[in-house]
> 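The structure under discussion is supplied below as structure tokens; questions concerning it will follow.
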Amino acid sequence: MSEWGCPLYDNIPLTIEEVVDHCRALAFCLIEIHHLVVKAILTFFLAERLDLLNATLDMEI
């Protein structure tokens with residue numbers, strides 16, 4: 001691994017705006033995609049992002 005780290009994974013903490021953007025993109029995909037397996041996977045990712053958003057908002061209070 002180079003001194004720059006892994007190019008496919010960025011471990012810099014996300015901003016609230018970035019997490020919200022992820023949630024919006026995942027929600028849009030869930031509406032547009034009709035493949036059930038893909039929908040299930042995207043739903044899992046959306047749930048993770050919503051949990052992250054909730055935890056991030058809780059930390060700011």
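Remember, predicted model here, so these are calculated numbers, not experimental data.
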> Could you check whether any side-chain N or O of Lys39 sits under 3.5 Å from a backbone N or O of Ile33, counting only pairs where one atom can act as donor and the other as acceptor?
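Yes, because the side chain of Lys39 sits within donor-acceptor range (under 3.5 Å) of the backbone of Ile33.
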
> Just how far is it from atom CG of Leu53 to atom CD of Glu17, taken to the nearest 0.5 Å?
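Rounded to the nearest 0.5 Å, the CG-CD separation comes to 10.0 Å.
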
> As an exercise, state the distance from OG1 of Thr43 to CG of Leu30, rounded to the nearest 0.5 Å.
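Spacing of OG1 (Thr43) from CG (Leu30) equals 4.5 Å.
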
> Which pair of heavy atoms, one from Arg49 and one from Leu26, lies closest together, and at what distance?
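Minimum heavy-atom contact is CG-CD1, 3.9 Å.
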
> Only one of Asp58, Thr56, Asp51 passes side chain to side chain contact (heavy atoms under 4.5 Å, CB included) with Asn54; say which it is.
Asp58

> Grab the two heavy atoms, one from Leu14 and one from His22, that are nearest each other, plus how far apart they are.
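Leu14 and His22 have their closest heavy atoms at CD1-CE1, 3.7 Å.
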
> How long is the gap from CG on Leu52 to SG on Cys23, to the nearest 0.5 Å?
8.0 Å

> Answer yes if Phe44 and Val37 sit in the same cluster of Ile, Leu, Val, Met, Phe, Trp and Tyr residues linked by side chain heavy atoms under 4.5 Å apart, and no otherwise.
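Yes, Phe44 connects to Val37 through the hydrophobic network.
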
> Just by modelled atom types, is the Thr15 backbone N or O under 3.5 Å from a matching donor or acceptor in the Glu18 side chain?
yes

> Is there a chain of hydrophobic side chains (I, L, V, M, F, W, Y, each step under 4.5 Å between heavy atoms) that links Leu46 to Val38?
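Yes, Leu46 connects to Val38 through the hydrophobic network.
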
